[in-house]
Structure formats: structure tokens, C-alpha cells
*Asks:* 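Got a structure for you, questions after.
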Amino acid sequence: MRYVIYGVNRVAKDFLYLFEQLEIVYFFDDTIRGNSFLNRPVYLFDCAVKKRDFDQIIVCDFQKKEKIQKLQNLGLIYQKDFVCEEDFFKELDDISVPTDKKIAIWGTGVVAKEFELYSKELDIDCYIDTFRSNHTFLGIRVLEPMEIENWEEYFVIIAVNKDKMIKKNLQEYGMKEGIGYISYQKISGLPSSMLKRTIFDLSYYDLECNTMLNHLEIFSEGNTRCCCTTFVKQNLDNIFEKSSYDLWNSNLHKIMCLSTENRTYSFCDKNICPLFIKKKKKEGIFSDKEYKKMSEKPEVLALGHDSSCNLSCSTCRKEVYYVKGIELDFINKISEIIKSEYLGGCKFLILAGDGELFASEVYQKIYKDEKCNPPYIRILSNGTLFTPQKWEELSRGKTGKIMLTVSADAFYKETYEKIRKNGNFENLKRNLEFASQLRKRNELRYFRLNFVVQKENYLEMIPFVKWGEQLGVDEVFFTKILNWGTYTDEQFQDISMLEKDGITPKFELKKILEDPVIKNSSIVDLGTIQYAHKRDKTDIVENYYMWELEKRGGKIFDDTKEKNSFI
């Protein structure tokens with residue numbers, strides 16, 4: 001079918017980013033600034049409608065009322081002679097919420113609260129909680145599973161992060177995935193609604209971040225995201241549901257990439273991502289640059305699918321945990337897919353977003369796989385197992401640059417062993433001294449200490465910075481504590497050193513942040529703590545994690561600029 005587009009604007013540009021397969025003959029508009037747009041001719045309205053060398057007009061604009069009226073004045077009929085760009089959006093969806101069933105949301109925690117933003121159009125009958133603590137949630141009744149007599153009456157949306165057991169329970173009730181139940185991410189991530197959110201966003205940021213074009217995170221249950229899981233809450237598809245090619249080239253991923261190309265950043269958490277510190281949203285429409293396409297494969301790969309760890313940090317878990325049995329079998333299946341479909345195209349590998357690399361046989365098997373030899377490797381660790389023997393194993397056979405980030409969270413032994421339970425502070429100190437020597441010899445290309453600021457440790461921020469300077473680290477990175485479902489709202493507000501807005505520091509923390517050691521040290525980065533955070537002058541970022549490392553670690557990735565597409 002031959003189309004012409006009525007509208008020479010950003011909406012039309014965004015529309016073709018997703019629907020590039022359509023045969024678009026030319027564009028036309030009421031006024032024009034040039035003779036071509038997106039490599040196609042452009043005509044004025046009167047000239048275009050007289051040509052009639054097309055089958056249908058597609059109206060593209062933020063406000064289409066006047067355009068539609070103008071077409072109707074010529075006797076043209078909607079859905080016959082012309083359509084709107086939104087009429088194509090539903091073609092992107094492969095699922096829908098049934099209208100003949102009651103809607104139930106399984107979950108009453110942090111995820112369910114976040115999902116409320118996307119569920120306002122749903123007529124929710126009830127919430128389900130395996131261990132109900134309240135009889136209502138967000139003003140709607142809460143039921144325990146045993147209280148539901150006929151599951152066939154319901155369509156269940158699972159609003160928890162780790163949903164494997166819930167899915168198993170629903171299957172035992174005779175429910176089928178996609179028919180009787182579905183993950184909340186599938187609903188919040190419907191391509192049609194996602195596209196609406198970004199294509200009609202009338203604002204932009206003076207920032208070019210291409211992370212989503214080259215980055216993939218694989219975490220629990222085989223779920224994926226195309227940026228840091230802290231900064232972007234929207235999942236892509238699960239690696240069990242689609243091949244690596246189909247997942248990477250999915251409509252959902254294209255829409256996420258569009259949101260950074262049109263610079264709306266509609267799905268990014270601007271209150272957490274450091275790239276948005278002191279960058280203000282601008283009213284208007286940015287569309288001057290040519291939109292980039294995503295890389296052929298994910299070139300930056302961050303893995304966090306095994307939660308096995310030798311510590312039980314208070315911010316993360318209540319006890320030391322190692323996966324085993326059926327769960328271990330499942331995680332090994334994730335690893336096999338990673339090794340067969342994702343490792344080959346990886347140029348920058350990040351291990352491990354969840355758990356501890358040196359306590360996980362799963363991660364170590366991936367690391368030792370013959371396909372795993374990317375030019376760049378970043379290790380995220382608690383440092384307690386980073387011994388000379390482990391370093392020898394880590395560096396054996398690897399030709400790429402290795403970078404180390406250690407999360408320590410304290411300067412004094414008592415505080416450390418209270419926050420990082422099962423940790424031995426003397427062992428940590430010894431291992432950090434060893435890492436310091438590796439960095440001085442440039443065997444480690446980058447060395448960073450992380451510190452999650454909370455009530456228990458904020459008074460140790462200043463000596464922690466001095467310790468980092470003594471060790472010769474590239475960076476000391478402070479972040480605000482986040483609630484991963486470990487705390488109630490009341491508990492979290494008590495331990496957080498920020499006010500309820502998540503931005504304003506409490507008085508006690510503000511005094512620490514004003515100290516010259518924090519303000520003037522060249523190795524300090526306040527990360528997700530926005531108060532007094534210095535605005536970064538860089539407005540072009542090819543990948544967030546690479547930018548983050550090069551801010552203080554030097555030109556780590558500089559030698560690949562001519563070879564790698566993601567630089």
C-alpha cells in the first residue's frame with residue numbers, strides 16, 4: 001500500500017523509526033521549510049492532495065485536529081482516505097488484556113505500587129497476596145490465593161520481581177501464561193502504550209545518550225533491560241521467550257531506543273541517573289539530528305542472574321544465600337543461553353550485578369568459557385574473596401583490560417561487619433591493599449570503591465574518602481540507599497539519609513556533604529546523591545558504564561575508537 005504522510009515534524013520522524021517497512025511516497029504539510037524530509041520529497045498541502053498518486057494519507061502531528069478538519073473539508077473520509085499514526089500502534093502488540101475476565105494483581109509491594117502508574121486504565125477487581133498483611137491495598141481489597149474459588153474468572157497480572165513460584169502456583173490452579181496470567185512488565189511494556197508515551201512527549205533534554213543502542217542487562221529469571229536496572233524500570237523480553245536476534249530487534253527495544261534518539265528520555269528515571277543531574281527538561285521539540293540505529297548485537301553485556309553471595313548485606317538480603325537444586329538448574333540454563341547467543345558479540349562484559357562473582361560457580365563458568373575474552377571486563381565485587389589466588393585465576397588467559405569495583409560501605413570494622421554481615425573487615429583491608437598494588441602496576445586498569453549512604457554509615461564518608469586516596473583508587477562512588485523490597489516504608493525512611501522526595505539530604509548528611517574533603521577531593525563522585533552534585537560537562541555519552549568509568553579512570557576505551565561501533 002502506498003502512503004503519504006501529512007506532517008513534516010518529529011512525530012512523523014518517530015513514526016517511521018518504528019514503521020520503516022511502510023511504503024511512504026512523500027510528505028506534505030501546510031507550510032514547509034525544505035524540499036525533502038527523511039530522504040523523501042516534501043510538498044505543500046494543495047499540491048499534494050491534487051496529485052492523488054497514493055492509496056492513503058497518514059496524519060502525523062502532536063495536535064491533529066486542524067489537519068483532520070482540513071482533509072474532511074475536502075470530502076476525505078477517516079479510515080478510508082486517511083488514518084492517523086496512532087491507528088498503526090496496536091499492530092506492535094502481541095498480547096492484550098481480556099475484557100471478559102476480572103482483573104487481579106498478584107503482589108502488594110514496591111513493584112505493585114510502581115505498576116499503579118500503568119494500571120489506571122484497568123478495572124482491577126482485587127489484589128492477591130500469599131501472606132496478606134492488610135485487607136486493602138491502594139483502596140482495593142486484598143485476597144489470599146485460597147480465597148479465590150474460581151480462577152477461570154480471573155486474569156492475573158503478576159506484580160513482583162521474582163515470580164517463578166507464583167507462576168508455578170497459577171499453573172497448579174490450571175492457569176496458562178498469556179491466557180490466564182501475565183507479568184506486569186508485559187502490560188506496562190505494551191509497545192502501543194510505550195510508543196504513545198515517547199512519540200507525543202513535547203519536551204527534550206540537551207543530552208545524547210546512546211546506551212540503549214548497545215547495552216543489555218540479563219538478570220533474574222532471564223529478564224532483560226537495555227540500561228542500568230536502577231535507572232530504567234522497563235524490561236525488554238525474556239531470553240527464554242525470544243532468540244537474541246528477535247529480543248534485540250523487538251518493537252519494544254526499538255521504542256526504548258527511540259526515546260533516547262528523540263531525546264525525550266521518557267522511560268529514564270531522571271531523579272536517579274547521574275546524567276540528568278542539573279539538566280533541565282526543555283519545552284519544545286528536538287529533531288535536528290539523524291536518528292541512529294542500534295548495534296547489530298548487544299556490545300555491552302551486564303550479567304546479574306545469580307544471587308549467590310557469601311555476605312548478607314542489610315540493604316539486600318536477610319541471610320547468606322547460594323542457589324541450589326532446581327533454582328541452580330534454571331540459572332544454569334540462563335547461562336547456557338548467554339554463552340551460546342550473547343557472549344560472542346560482547347565487547348565489554350560486566351560481572352556481576354547480583355550476587356558475588358567469586359562466590360558463584362555460575363558466573364565463574366561464564367567467565368572461564370572460551371568465548372569470554374572481550375576487550376574490556378568490569379568486575380563488581382564485595383572484595384572479601386579478591387585474593388592473589390583469585391586474581392591469578394581471573395587474569396589467566398584474558399587479554400582484555402580488567403576493571404574492579406568493590407562495594408565496602410564503611411570505614412570502621414564495627415560498622416562494616418554490621419552492614420555487611422558475614423564479612424571480615426581485616427580480610428577486606430588486605431584484599432584492597434592487594435588491589436591497590438595491582439592498580440599501581442596497571443594490571444588493574446581501573447579501581448573504584450562504592451559506598452551506599454545510610455543512617456549506619458554516613459558519618460564515615462569522610463574517612464572513607466581518605467582511605468580511598470591512600471589506596472590510590474580512581475574513584476570513590478557514593479550512592480543513596482534504595483529500597484529493593486527489603487524494608488517497610490517506615491523502616492526505609494528511618495535508615496535513608498534523604499528526605500521523602502529522595503533528593504533533599506537530611507540535615508545531618510548535608511553537613512557531611514559540605515565538608516571540604518567531600519567537596520574538593522578529585523576522586524569523589526556523589527553518584528545518585530543529587531544535592532551538591534557537580535553537573536557533568538559531557539553531553540554525549542555512547543554508553544553510561546563506559547562514561548562512568550572514564551570520568552576518572554582516563555581513556556580506558558580510547559584505543560577502540562576506530563574499531564568498535566559503540567565508542
*Asks:* Do the side chain of Asn249 and the main chain of Tyr245 share a donor and acceptor less than 3.5 angstrom apart?
*Replies:*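 Yes, because the side chain of Asn249 sits within donor-acceptor range (under 3.5 Å) of the backbone of Tyr245.
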*Asks:* Are Asp206 and Lys280 ion-paired here, with the side-chain N under 4.0 Å from a carboxylate O?
*Replies:*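 No.
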*Asks:* With no hydrogens and no angle check, is any side-chain donor or acceptor of Gln185 less than 3.5 Å from a backbone partner on Gln234?
*Replies:*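 Flag not set: sc Gln185 to bb Gln234 has no pair under 3.5 Å.
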*Asks:* Do the numbers put Lys254 on top of the ring of Tyr17, so that NZ or CZ is under 6.0 Å from the six-membered ring centre and no more than 45° off the axis?
*Replies:*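 Ring-cation test returns no.
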*Asks:* Could you tell me whether the side chain of Arg52 and the main chain of Lys50 form a donor-acceptor pair under 3.5 Å?
*Replies:*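 Checking the backbone N and O of Lys50 against the side chain of Arg52, no donor-acceptor pair under 3.5 Å is found.
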*Asks:* Just say parallel, tilted or perpendicular for the rings of Phe89 and Phe19, cut-offs at 30° and 60°.
*Replies:*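 Parallel, since the angle between the ring planes stays under 30°.
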*Asks:* Does Ile199 offer a backbone N or O that forms a donor-acceptor pair with the side chain of Asn262 under 3.5 Å?
*Replies:*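 Absent.
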*Asks:* Just verifying a value: how many Å separate Tyr154 OH and Leu143 CG, rounded to the nearest 0.5 Å?
*Replies:*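 If I round to the nearest 0.5 Å, the distance is 6.0 Å.
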*Asks:* Taking all non-hydrogen atoms of both residues, which atom of Phe276 and which atom of Cys268 are closest, and how far apart?
*Replies:*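 Closest approach of Phe276 to Cys268, heavy atoms only: CE1-CB, 4.0 Å.
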*Asks:* Return yes if some donor-acceptor pair links the side-chain N/O of Glu221 with the main-chain N/O of Asn161 below 3.5 Å, else return no.
*Replies:*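 Pair absent, no side-chain N/O of Glu221 close to backbone of Asn161.
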*Asks:* Is Lys51 paired with Asp46 through a side-chain N to carboxylate O contact shorter than 4.0 Å?
*Replies:*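 Result for this pair is no, no salt bridge flagged.
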*Asks:* Please check if the side chain of Asn134 supplies one atom and the backbone of Thr136 the other of a donor-acceptor pair under 3.5 Å.
*Replies:*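 Side chain of Asn134 to backbone of Thr136, a donor-acceptor pair under 3.5 Å: no, none is there.
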*Asks:* Salt bridge check, Glu290 against Lys13: does any charged N sit closer than 4.0 Å to a carboxylate O?
*Replies:*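 Salt bridge: no.
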*Asks:* Quick check: closest heavy atoms across Ile239 and Ile334, and the distance to 0.1 Å?
*Replies:*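 Smallest interatomic distance, heavy atoms only, reads CD1-CG2, 3.6 Å.
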*Asks:* Do Met1 and Glu23 touch side chain to side chain, with heavy atoms closer than 4.5 Å?
*Replies:*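 SC-SC contact between Met1 and Glu23 ruled out.
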*Asks:* Taking everything shown except Gln79 itself, do over 12 heavy atoms lie less than 6.0 Å from its CD?
*Replies:*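 Counting neighbours around CD of Gln79, more than 12 heavy atoms of other residues, nucleotides or ligands fall under 6.0 Å, so yes.
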*Asks:* Under a 3.5 Å threshold, yes or no: a donor from one side chain and an acceptor from the other, between Asn210 and Glu542?
*Replies:*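 Yes, Glu542 and Asn210 have a side-chain donor paired with an acceptor closer than 3.5 Å.
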*Asks:* Carefully, step by step, assess Lys186 and Asp237 under the rule salt bridge (Lys or Arg N to Asp or Glu O under 4.0 Å).
*Replies:* CA-CA 8 Å; Lys186 295 289 186 181; Asp237 295 289; 3.5 Å; yes
*Asks:* Give a yes or no on whether a salt bridge exists between Glu261 and Lys292, defined as a side-chain N under 4.0 angstrom from a carboxylate O.
*Replies:*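 Salt bridge between Glu261 and Lys292, a charged N being under 4.0 Å from a carboxylate O: no.
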*Asks:* Do Glu20 and Lys293 touch side chain to side chain, with heavy atoms closer than 4.5 Å?
*Replies:*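 Yes, their side chains come closer than 4.5 Å.
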*Asks:* Do the side chains of Lys101 and Glu153 get close enough for a salt bridge, i.e. N-O under 4.0 angstrom?
*Replies:*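 A salt bridge is absent here (no side-chain N lies under 4.0 Å from a carboxylate O).
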*Asks:* Can you name the side-chain contact (heavy atoms from CB on, under 4.5 Å) partners of Cys346, sequence neighbours left out?
*Replies:*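 Cys346 satisfies side-chain contact (heavy atoms from CB on, under 4.5 Å) with Leu301, Leu349, Pro374 once adjacent residues are dropped.
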*Asks:* Could you tell me which non-hydrogen atom of Ile529 sits nearest to which non-hydrogen atom of Lys480, and how far apart they are?
*Replies:*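 Result for this residue pair: CG1-N, 3.7 Å.
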*Asks:* Restricting to non-hydrogen atoms, name the atom on Pro145 and the atom on Trp151 that form the minimum distance, rounded to 0.1 Å.
*Replies:*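 Looking at all heavy atoms of both residues, the closest pair is O-CZ2, 3.6 Å.
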*Asks:* Measure across Leu236 and Cys226 and return the closest heavy-atom pair with its distance rounded to 0.1 Å.
*Replies:*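 That would be CD1-CB, 3.9 Å.
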*Asks:* Does a side-chain N-to-carboxylate-O contact under 4.0 Å join Asp539 and Lys279?
*Replies:*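 So Asp539 pairs with Lys279 through a salt bridge.
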*Asks:* Report yes or no: does Asn223 contribute a side-chain atom to a donor-acceptor pair with the main-chain N or O of Ile218 at less than 3.5 Å?
*Replies:*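 No; judged by distance alone, with no hydrogens or angles, the pair does not exist.
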*Asks:* Could you check whether any side-chain heavy atom of Phe231 comes within less than 4.5 Å of a side-chain heavy atom of Thr211, counting everything from C-beta outward?
*Replies:*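 No, too far: nothing below the 4.5 Å cut-off.
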*Asks:* Could Glu548 and Arg378 be called an ion pair, given the rule that one side-chain N must be under 4.0 Å from one carboxylate O?
*Replies:*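 Result for this pair is yes, salt bridge flagged.
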*Asks:* Just checking, is any N or O donor in the side chain of Asp129 or Thr108 under 3.5 Å from an acceptor N or O on the other one?
*Replies:*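 Yes, because at least one side-chain N or O of Asp129 sits under 3.5 Å from a partner of the opposite role on Thr108.
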*Asks:* Kindly check if the number of other-residue, nucleotide or ligand heavy atoms within 6.0 Å of CD (Glu296) is above 12?
*Replies:*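 Count not over threshold, so no.
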*Asks:* Less than 4.5 Å apart, side chain to side chain, heavy atoms only: is that true for Tyr376 and Lys347?
*Replies:*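 Contact flag for Tyr376/Lys347 side chains = no.
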*Asks:* For atom CG of Asp501, is the number of surrounding heavy atoms from other residues, nucleotides or ligands below 6.0 Å larger than 12?
*Replies:*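 Counting neighbours around CG of Asp501, more than 12 heavy atoms of other residues, nucleotides or ligands fall under 6.0 Å, so yes.
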*Asks:* Under 4.0 Å between a side-chain nitrogen and a carboxylate oxygen: does that hold for Lys297 and Glu341?
*Replies:*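 No.
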*Asks:* Side chains of Tyr3 and Ile57: does their closest heavy-atom pair fall under 4.5 Å?
*Replies:*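 Counting from C-beta outward, Tyr3 and Ile57 never come under 4.5 Å.
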*Asks:* Quick check against the 3.5 Å criterion: does Asp163 have a side-chain atom that pairs as donor or acceptor with the backbone of Ile166?
*Replies:*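 Looks like no, no N/O pair under 3.5 Å.
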*Asks:* Got a salt bridge between Lys233 and Asp269, using NZ or NE/NH1/NH2 to carboxylate O under 4.0 Å?
*Replies:*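 Salt bridge between Lys233 and Asp269, a charged N being under 4.0 Å from a carboxylate O: no.
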*Asks:* Would Arg10 and Asp201 pass as an ion pair if we require N to O under 4.0 Å?
*Replies:*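 Looking at Arg10 and Asp201, the cut-off is not met.
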*Asks:* Lys270 side chain to Leu275 main-chain N or O, any donor-acceptor pair under 3.5 Å?
*Replies:*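 Not confirmed, Lys270 side chain does not pair with Leu275 backbone.
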*Asks:* Checking Arg141 against Glu147 for the salt bridge (Lys or Arg N to Asp or Glu O under 4.0 Å) test, could you report, in this order, the C-alpha distance in whole Å, the side-chain angles of both residues, the deciding distance, and whether it holds?
*Replies:* CA-CA 12 Å; Arg141 64 177 180 153; Glu147 295 180 87; over 6 Å; no
*Asks:* Any salt bridge linking Lys506 with Glu499? Criterion: basic side-chain nitrogen under 4.0 Å from a carboxylate oxygen.
*Replies:*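 Salt bridge between Lys506 and Glu499, a charged N being under 4.0 Å from a carboxylate O: no.
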*Asks:* Any side-chain heavy atom of Leu44 within less than 4.5 Å of one from Asp29?
*Replies:*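 Of all side-chain heavy-atom pairs linking Asp29 with Leu44, none is under 4.5 Å.
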*Asks:* May I ask you to decide if Val142's main-chain N or O and Arg132's side chain share a donor-acceptor pair within less than 3.5 Å?
*Replies:*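 Checked: pair present.
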*Asks:* Without hydrogens or angle criteria, can the side chains of Thr264 and Thr198 be said to hold a donor-acceptor pair below 3.5 Å?
*Replies:*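 Judged by distance alone, the side chains do pair up.
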*Asks:* Is the shortest heavy-atom distance from the side chain of Asp61 to the side chain of Tyr6 under 4.5 Å?
*Replies:*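 Side chain of Asp61 against side chain of Tyr6, heavy atoms only: no contact under 4.5 Å found.
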*Asks:* Return the minimal non-hydrogen interatomic distance between Glu283 and Leu202, and the atom names on each side.
*Replies:*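 Nearest pair, atom of Glu283 first, then Leu202: OE1-O, 3.7 Å.
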*Asks:* Whether Arg2 and Asp55 form a salt bridge (side-chain N of Lys/Arg under 4.0 Å from carboxylate O of Asp/Glu) is what I want to check.
*Replies:*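 The answer is no: the pair does not qualify as a salt bridge.
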*Asks:* Taking C-beta and beyond as the side chain, do Val156 and Met175 meet within less than 4.5 Å on heavy atoms?
*Replies:*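 When only atoms from C-beta onward are counted, Met175 and Val156 do touch, with a gap below 4.5 Å.
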